[in-house]
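To start, the structure under review is shown below, and the notes come after it.
These numbers come from a predicted model, not from an experiment. Labels below follow one simple rule: chain letters A, B, ... track the order of the sequence lines, proteins then strands, and each chain is numbered from 1.
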Amino acid sequence: MKIATWNVNSLNVRAPQVLEWLNAEAVDVLCVQETKIEDHKFPYDEFTNIGYQAVHLGQKTYNGVAIISKHPIEEVQFDIPNLEDIQKRVVAATICGIRIICVYIPNGQSVGSDKYLYKLQWLQALTAYLEQQLKQYPKLALLGDYNIAPEDRDVYDPERWQGSVLVSEPERVAFRQLQALGLHDSFRLFEQPEKLYSWWDYRMVAFRRNLGLRIDHILISSALVPAAKASWIDRAPRKLERPSDHTPVVLELDIG
DNA sequence: ATGGCATAGCGTCTATGA
């Protein structure tokens, strides 16, 4: 079973690439972020036509998350309960006995800004939510755009990025608090080459120069770790015409 | 070199992203 996450930066623009990629890679479950569309405009038919079903929580212009699955989607939950938030950033569901939680964690804009404080508070609420979810669902995967590069090796130039948003210590502490719940960065369960990233700025010819960050992650609960067989970042979609600035991250699970 | 790009929206510019 392959599960994956991809910030598509507008599903209106990227739907053809997503459909093509699902077909080519035979992915079972894909979590997408930044759909930037309202629910009634989500292209459900295009996915059902190729054998997938989808649940979506979206809004105009910003945010928007979806889970697209080959297998039945059950126990769907939108948003973080007990968090007042008009931004559409979370959808959760149970698929093949695994709790799949798709998140678009706030960007934070710049350290000390209102958006940065919102990000840190949001992460606290997410952690509390996950603590609850883990009690209910021991087999859990948290997939999404975290907007956090957890370690310096996830940053192309750590000195230049030191202390700035996406890498600042409070954000990394929040990431480690998620890990402290018993969640594991599945990408790092496996031997990986250096300088692998999931996002590159559209500017500065950043992709060709590999000036990137690893900010899209698949965290899995301890109960799922034995099932994890491989994890990789698929750079191919980032090379297409009109790409998203993010590229998919994939985890292969053997769930018997 | 803090920018250069991309997306959406009552839009010829602004807000946002990371």
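- Of all non-hydrogen atoms in A/Q33 and A/L143, the two that sit nearest each other are NE2-O, 4.2 Å.
- Across all strands shown, A/N147 has heavy atoms under 4.0 Å from sugar-phosphate atoms exclusively, and none from any base.
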Give me the distances for all protein-to-nucleotides 2-4 of chain B N/O pairs that come in under 3.5 Å?
residue	atom	partner	partner atom	Å
B/dT2	O4	A/R160	NE	3.0
B/dG3	O6	A/R160	NH2	3.4
B/dG3	N1	A/R160	NH2	3.4

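- Checking A/L213 against A/K36, the closest nucleotide of DNA chain B that is more toward the 5' end is the one next to A/K36.
- With both ends at atom C1', the span from B/dC5 to B/dC10 equals 24 Å, rounded to whole Å.
- Taking the six-membered ring where the residue is Trp, the centroids of A/Y44 and A/H56 are separated by 6.0 Å or more.
- With C1' as the reference atom, B/dG11 and B/dA6 are 15 Å apart, rounded to whole Å.
- Shown for residues 58-66 of chain A: residues whose heavy atoms fall under 4.0 angstrom of DNA chain B, namely A/K60, A/T61, A/Y62.
- Where A/P243 and A/N107 each meet DNA chain B at their nearest nucleotide, the meeting point lying more 5' is that of A/P243.
- Cation-pi geometry between A/R214 and A/Y197 is not met: the NZ or CZ atom fails to fall both under 6.0 Å from the ring centre and inside 45° of the normal.
- Contact check on A/R188 versus A/D154 returns a salt bridge, with a Lys/Arg side-chain nitrogen under 4.0 Å from an Asp/Glu carboxylate oxygen.
- When the P atom of B/dT16 is taken as reference, atom CG of A/D114 falls 11 Å away, rounded to whole Å.
- A salt bridge does not link A/R176 with A/E171: none of the charged nitrogens is closer than 4.0 Å to a carboxylate oxygen.
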Extract all donor-acceptor atom pairs below 3.5 Å that involve side chains of residues 246-256 of chain A and protein atoms in other chains or at least two apart in sequence.
residue	atom	partner	partner atom	Å
A/H246	ND1	A/D216	OD1	3.2
A/H246	ND1	A/D216	OD2	2.9
A/T247	OG1	A/D234	O	2.6
A/D254	OD1	A/G256	N	3.2

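- Distance, A/W199 CH2 to B/dT7 C1': 15 Å, rounded to whole Å.
- Rounded to the nearest 0.5 Å, atoms NE2 (A/H184) and CG (A/L224) are 9.5 Å apart.
- Annotation for A/M204: hydrophobic cluster partners, listed by chain and number, are none (ILVMFWY side-chain heavy atoms under 4.5 Å, direct or chained).
- Side-chain atoms of A/H71 and A/D28 include a donor-acceptor pair closer than 3.5 Å.
- Between the NZ atom of A/K41 and the C1' atom of B/dG9 there is a distance of 11 Å, given to the nearest Å.
- Taking atom OH of residue A/Y202 and atom P of nucleotide B/dT16, one finds them 18 Å apart after rounding to whole Å.
- Taking atom CG of residue A/D216 and atom P of nucleotide B/dG17, one finds them 15 Å apart after rounding to whole Å.
- One atom, CZ of A/R209, and another, C1' of B/dA1, lie 10 Å apart when rounded to the nearest Å.
- Looking at residues 6-19 of chain A, you'll see A/N7, A/N9, A/S10, A/N12, A/V13, A/R14 sit with a heavy atom under 4.0 Å from some atom of DNA chain B.
- In this structure, CD of A/E34 is placed 14 Å from C1' of B/dC5, rounded to the nearest angstrom.
- Closest approach of A/I95 and A/M1 over heavy atoms only: CG2-CE, 4.3 Å.
- Atom C1' of nucleotide B/dT16 and atom NZ of A/K119 are separated by 14 Å, given to the nearest angstrom.
- With sequence neighbours excluded, the residues forming a salt bridge (Lys or Arg N to Asp or Glu O under 4.0 Å) with A/E151 are A/R153, listed by chain and number.
- For A/Y202 and A/F207, the ring centers sit 6.0 Å or farther from each other.
- Between B/dA18 and A/Y104, a contact under 4.0 Å exists linking OP1 or OP2 to a side-chain N or O.
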